[in-house]
Q: 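Take this structure first; my questions come after.
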Amino acid sequence: MSEKTVIRSQEDVLHEVRKNNVKFVRLQFTDILGAIKNVTIPLDQLTKAMNGEMMFDGSSIEGFVRVEESDMYLRPDLSSFLIYPWLANGGGSEARLMCDVYHHDGTPFLGCPRNILRRVLDEAKEMGYTLYVGPELEFFLFQIDEKGRPTTITQDKAGYFDMAPVDKGEEARHDIVVNLQKMGFEVEASHHETAPGQHEIDFKYDDALAMADKMITFRFVVRSIAQQHGLHATFMAKPIAGISGSGMHVNQSLVQGDRNMFICPNDPRALSELALHYVAGVLAHAKAFTAVTNPTVNSYKRLVPGYEAPCYIAWSERNRSPLIRIPSKRGMSTRIEIRSADPSCNPYLALAVQLKAGLDGITKGMTPPDPVDANIFDLTDEELRDLRIEALPGDLREALVELSKDDVIKEALGPHIYSRFVAAKTQEYHDFHRSVHEWEIKRYLATY
């Protein structure tokens with residue numbers, strides 16, 4: 001299926017199915033933690049699925065519903081139809097449709113992350129705005145052992161922008177890009193990142209819902225193609241201590257028709273008041289939404305000084321140490337870059353809470369503090385206090401506490417996802433806190 005193919009109807013889907021010899025279709029959605037879920041159907045069930053008649057047991061999915069209310073339905077978004085090119089063989093191809101989850105009575109299920117993002121996007125639409133997003137997703141490629149288990153041994157010793165023969169993962173990354181392009185992704189860049197075994201692939205911006213679908217698909221593609229090369233791909237935030245972790249920088253702009261609403265040619269910065277209100281809202285709610293954008297215990301091993309990951313709540317046009325950077329390019333490319341998230345997050349929820357924060361800044365006419373153009377990592381504690389620069393939460397527990405105090409971000413998630421997300425993440429933190437780790441064994445076993 002080419003990039004220019006536009007799917008609008010069941011007839012369009014069936015045409016692509018026949019043209020590409022599709023034999024199976026995967027109906028996909030995510031649980032609240034971002035794990036992709038999959039129901040594979042043969043072709044003779046496709047029309048039934050497109051009519052929203054595919055039922056599944058919601059009580060078996062993390063954070064969904066109780067056993068006594070388990071019957072739920074998948075409604076495919078026909079515009080999300082894609083063919084997985086690497087799965088094509090003589091017996092036929094496989095395709096996927098991203099789905100929204102509904103109750104048996106036809107009402108949207110508010111425990112479905114895709115529905116949550118759609119709801120916040122509708123709020124933006126009522127204000128006259130469409131959110132466009134361009135993510136930068138980083139990941140590691142590791143070797144696997146003789147039993148097929150992933151290790152943390154990198155397959156190269158390369159650094160930023162290095163290439164073959166130093167970068168041994170380039171062949172895998174090349175195949176990932178080729179398959180993404182066959183699926184209609186417009187890949188803008190791919191390169192080796194700063195750490196050994198670390199890579200980044202950037203693709204062109206899109207509206208937020210379509211981009212969240214692409215981010216889920218991207219993770220699936222990367223892992224699948226890496227496996228074909230005998231490698232394990234991980235989007236874990238900080239798999240190795242002492243080197244850079246993996247981030248998910250999110251470039252955002254609000255558009256009205258064909259006009260980028262962050263542009264103001266007469267402003268010295270060429271930024272509109274709307275853009276500054278949006279920045280202020282993101283900064284105001286950053287502590288709370290960090291629990292969603294950085295959702296694991298491990299996420300906070302990345303948010304420390306010294307490895308380019310932002311851990312301070314500030315913004316700048318000149319450097320990459322603050323939470324928000326304003327890239328220098330202007331015109332229709334005017335955007336803000338939120339740099340704190342990592343790719344272990346659920347992209348539907350991450351985009352929903354970031355957008356909700358920015359919209360709150362617009363609604364309340366918030367004004368951001370002055371930009372910080374110095375390298376924040378070089379500032380002393382006293383200088384940070386004088387500039388009133390606060391830090392992001394230091395661990396998952398602190399982030400959950402901040403989330404509990406922020407009604408705006410809680411409203412974005414809705415009571416169902418909020419309560420279940422917090423319960424799951426509180427348990428995760430307790431499990432980590434009660435475990436005995438290798439560092440403790442090495443530090444204390446022979447000493448005490």
Side-chain angles (χ1 to χ4, degrees), residues 29-37 58-66 110-114 116-117 137-140 142 149-150 152 212 215-216 219-220 223 232-241 245-248 285-304 307 309-311 340-354 391-406 409-410 412-441:
F29 60 101
T30 73
D31 65 15
I32 64 170
L33 303 184
I36 191 167
K37 302 299 177 180
S59 67
S60 300
I61 305 299
E62 176 70 47
F64 269 32
V65 295
R66 298 168 296 183
L110 291 181
C112 170
R114 201 170 190 267
I116 292 298
L117 175 57
L137 291 119
E138 298 171 345
F139 58 94
F140 279 87
F142 290 127
R149 296 173 300 194
T152 54
M215 292 157 79
I216 289 293
R219 296 195 301 209
F220 178 67
R223 285 190 152 181
H232 175 75
T234 181
F235 293 91
M236 180 180 177
K238 188 85 168 185
I240 301 177
S246 290
M248 189 186 80
H285 296 288
K287 287 185 179 181
F289 71 57
T290 296
V292 179
T293 58
N294 305 79
T296 71
V297 167
N298 178 259
S299 295
Y300 298 85
K301 307 294 178 68
R302 169 180 166 263
L303 295 179
V304 295
Y307 297 98
C311 48
S340 59
D342 70 61
S344 68
C345 70
N346 184 323
Y348 299 107
L349 299 183
L351 295 182
V353 295
Q354 289 180 342
L392 290 172
D395 59 30
L396 181 57
R397 180 176 62 175
E398 184 182 340
L400 292 171
V401 170
E402 293 293 340
L403 175 59
S404 72
K405 299 186 292 186
D406 193 312
I409 302 305
K410 288 162 66 176
L413 296 174
H416 183 104
I417 282 189
Y418 170 73
S419 62
R420 285 160 175 78
F421 180 87
V422 169
K425 290 302 166 178
T426 300
Q427 185 62 52
E428 177 181 330
Y429 181 82
H430 287 330
D431 290 345
F432 168 78
H433 189 64
R434 294 165 182 164
S435 298
V436 177
H437 304 278
E438 185 63 26
W439 182 92
E440 297 170 274
I441 299 297

Q: For residues Phe289 and Asp406, determine if any side-chain heavy atom of one lies less than 4.5 Å from a side-chain heavy atom of the other.
A: no
Q: Is the backbone N or O of His416 less than 3.5 Å from a side-chain atom of Ser419, with the two atoms forming a donor-acceptor pair by type?
A: yes
Q: Does atom CZ (Arg397) have a neighbourhood of more than 12 heavy atoms from anything else shown, all under 6.0 Å?
A: no
Q: Which atoms form the tightest heavy-atom contact between Ala350 and Val292, and what is the distance?
A: N-CG1, 4.0 Å
Q: May I ask you to test the Leu33-Pro295 pair for a side-chain heavy-atom distance under 4.5 Å?
A: no
Q: Taking the side chain as every heavy atom from C-beta outward, state whether Ile417 and Leu110 have any pair of such atoms under 4.5 Å apart.
A: no
Q: Under the ring-ring contact (aromatic ring centres under 6.0 Å, His included) rule, collect the residues that match up with Tyr429, sequence neighbours excluded.
A: His433
Q: Is the closest side-chain heavy-atom distance between Cys112 and Tyr348 below 4.5 Å?
A: no
Q: Between Ala212 and Leu351, what is the shortest heavy-atom contact and its length?
A: CB-CD1, 4.1 Å
Q: So how far is it from Gln354 CD to His285 NE2, rounded to the nearest 0.5 Å?
A: 12.5 Å
Q: Going by side-chain contact (heavy atoms from CB on, under 4.5 Å), name the residues that satisfy it together with Ala35, two or more places apart in sequence or in a different chain.
A: Asp31, Lys37
Q: Out of curiosity, Leu403 CG to Ile409 CD1, how far, rounded to the nearest 0.5 Å?
A: 8.0 Å
Q: Look at the side chain of Arg223 and the backbone N and O of Ala233, then say whether any donor-acceptor pair between them is shorter than 3.5 Å.
A: yes
Q: Rounded at 0.5 Å granularity, tell me how far CZ in Arg420 sits from CG in Leu413.
A: 13.0 Å
Q: Rounded to the nearest 0.5 Å, what's the gap from CD on Glu440 to OG on Ser435? Could you check?
A: 9.0 Å
Q: What's the shortest heavy-atom distance between Ile32 and Gly111, and which atoms?
A: CG2-O, 3.7 Å
Q: Would you kindly say whether Thr296 and Ser299 are connected by a side-chain donor-acceptor distance under 3.5 Å?
A: yes
Q: With side chains defined as the heavy atoms from C-beta onward, is the minimum distance between Leu349 and Ile116 less than 4.5 Å?
A: yes
Q: For His430 and Thr426: C-alpha separation, side-chain torsions, deciding distance, then whether side chain to side chain contact (heavy atoms under 4.5 Å, CB included) applies.
A: CA-CA 6 Å; His430 287 330; Thr426 300; 3.5 Å; yes
Q: Pro393 and Lys287: which non-hydrogen atoms are nearest, and at how many Å?
A: CG-O, 3.5 Å
Q: Work out which heavy atom in Met215 is nearest to a heavy atom in Leu137; give both atom names and the distance.
A: CG-CD1, 4.2 Å
Q: With the side chain counted from C-beta on, respond yes when Asn294 and Leu303 share a heavy-atom pair under 4.5 Å apart, and no when they do not.
A: yes
Q: Hey, what do you get for CD1 (Ile36) to CZ (Arg219), rounding to the nearest 0.5 Å?
A: 8.5 Å
Q: Under 4.5 Å between any side-chain heavy atoms of Tyr300 and Thr290, yes or no?
A: yes
Q: Is there a side-chain contact between Ser246 and Phe140, using heavy atoms and a 4.5 Å cut-off?
A: yes
Q: To the closest 0.5 Å, what do you measure between CE (Met248) and CZ (Phe235)?
A: 11.0 Å
Q: Between Val297 and Glu428, what is the shortest heavy-atom contact and its length?
A: N-OE2, 3.0 Å
Q: Going through the checks in order, is the side chain to side chain contact (heavy atoms under 4.5 Å, CB included) test met by Val401 and Glu398?
A: CA-CA 5 Å; Val401 170; Glu398 184 182 340; 5.6 Å; no
